[in-house]
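Have a look at the structure below before the remarks.
Because only heavy atoms are used, hydrogens play no part in the values below, and waters and symmetry mates are left out as well, while side chains stay in. No experiment lies behind these values; they were computed from the predicted model shown.
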Amino acid sequence: MARIDFSITRGIALVVIALHAIVLPVLYYGLSLVVSHSHSDLFIQHVRTLSRNIADELELGDSLESPQRLADVLDLAVLNGDGVYAELIDNGHSILSELSAKNVHWPGHQDYGFTTGGSEIYFIELPISRPGHTAELRLGFDESPTIEQIHLAMRHTIWALSAYLCVAVAVAVGAGYWMARPVVQLKQIARRIASGDYVQSLRLVTRFRELNELGSDLDNMRNELVGVNERLQAENKERAAAEGRHRHLEIRLRHRQRLETVGTLAGGIAHEFNNVLLPIVLATELAIADAADESAVRLDLEDVLASAYRAKDVVEKILTFSRDSGVPELEWIDLEPVIHEALRLFVALVPATVDLRTDIAGPCPPVKADAALAIQLIMNICTNAYQSLGGGQGVLTIGLATRPGSGPGPGPDVIGASSGDYVVLSIADTGHGMDAVTKERIFEPFFTTREVGGGTGLGLSVVHGIAESFGASIVVDSTPGLGTTFHIFFPAGSKSSVEERMLQTHEGANT
Amino acid sequence: MKSVLIIEDEAAIRRVLTRVLERVGFTVRTAENGDDALQQLRAEEVDIVITDIIMPKMHGVDAIKRIVKEFSRVRIIAISGGGNFGITDYKPDAITTSAYLAAARKAGAHALLTKPFLTRDILQAISLATRDVRPH
């Protein structure tokens, strides 16, 4: 069976129309019966009364005695009301009113039915009892004005019913709209919700209790869904963030692992090298002792010894990177004098075209470090910075500042970063900067962007080793063409560490 | 003259160090590893032991511990060239040269020296180790 599909408004209108299609014809039929009966009854009653009165006049008066009077009475019957025919049969003699309609003839019998007898004339025959007369009064009345009235009444009824039908349909349509409105409203809100606008309330303002309850229930459902949706979104966001952190951490970890692997490898090479260098050094010394003074052999051997010593220096640098240099005895120190000392040494090494600046933000807490190594760290970064200046012109700024642990630190991705405050040593240059690939590798031993012979590629790996031994983290910001900044985050000493340092100094003074 | 036992797995170092020390008048014997050294010491004690730390078979730190235990009179100098490189099956707690040397010191070495060193460095270490100033 096909399912019929229509709107609430149309449905209600159709129901109303269907109902009236049954009711209105029945009503019309009933009304027409009542109207025609009442009209015909009135007509019949009227003509009978009139006929009786005329018959009485003929029976009781003396009209029959005078032909003139008789003609007047008969004319009166025709003139009165709807009369169209008046005839008196007196003793077999017919007297017809001259006013009778010409085309109307006595049908031969009395016609008591309204609209019966084949014509629209109502014929009535009354016997007249008067001594000396055997008479019959025959009257005919026109039914058509009454029929006309009935028709008119029925036409009015049709108009009235039609008007009523129109009003009923209009009311039905209006009521349909009114009833459908909250449902349409629900539909629109539901569509908006479906398209992602969750803030729309589904609560309705309507007089229909069921719809109110439905809206309220749906709104509760929506609130629940919004909650679930928000939770899911928050969870997704959190998951994405966690994944980001995880990825970042993984990269850092891989980087660090690579550095450690390289460090271990470098340490291994250093060990082998030291074992190789020892017999070279000692045997050369023995040979020098045996060689004659100022001899060519002796000079050659001294070169061998000097070279072996250079090799030893390289190995020591590698060991610094692999945190294997036999150091460090760390103590709480202030970095500010260390910076000044490093600058004093460095200023002698670079041309005056390099603008060396310091940016020290007030007194900073002490950090756990070794002053000599810290100087080396600064010198190595400064050397690198100077080399990045190319032509030797540019600005090199050494900064020192305290950063709260809650503020931007080396980041959660920096392994081993302390959660407390930091003292940040920063060395910024206006050199050529570096790309991400270079930045990733700068701490690897023997990695250098300079041409062969331009440097050992150990300077920054030594920096890394020293920073690690201090428990400090290095963060490098660099923009190709603009410059590079090294930030070294030292865990800041607390009040107790300051006291510890004072105690150390005190004990040192005593011994 | 004082006698020296060199414990060192590298043959070249054994040879050159022997010549260096013999030249300044020490009586020198050598051992390739800790076990060999202990056997030699049991046969004939020496005044000074110079031992490498990272060696196969017996680690230098273990060797020092056993020498100190058996031959308390012997003065010990530990020498090392670098850290944890998987060339020994010994698994120390620490992996750095400084940690090795610290472990050697803790085990009872009287002087420490990092490779490579000059003749005067080893002579200085010997004189440091044999200074009879160690209080008990």
Residue A/Tyr309 versus chain B: region with a heavy atom under 4.5 Å: side chain

Look up atom CG in A/Leu277 and atom NZ in B/Lys115, then write down how far apart they are to the nearest 0.5 Å. 11.0 Å

Quick check on the structure: residues of residues 19-46 of chain B within a heavy-atom distance below 4.5 Å of chain A, by number. B/Arg19, B/Val20, B/Arg23

Could you state the interatomic distance from CD1 (B/Ile13) to CG (A/Asn275), rounded to the nearest 0.5 Å? 4.0 Å

Give a yes or no on whether B/Glu70 atom CD has more than 12 heavy-atom contacts from other residues, nucleotides or ligands under 6.0 Å away. yes

What are the residues of residues 286-297 of chain A, in order of number, with any heavy atom under 4.5 angstrom from a heavy atom of chain B? A/Leu286, A/Ala289, A/Asp290

B/Phe117 and A/Val281: side-chain contact (heavy atoms from CB on, under 4.5 Å), yes or no, with the steps? CA-CA 7 Å; B/Phe117 47 79; A/Val281 169; over 6 Å; no

A/Ala283 and B/Val16 have their tightest heavy-atom pair at N-CG1, 3.4 Å

Distance (rounded to the nearest 0.5 Å) between B/Ile122 CD1 and A/Glu285 CD: 11.5 Å

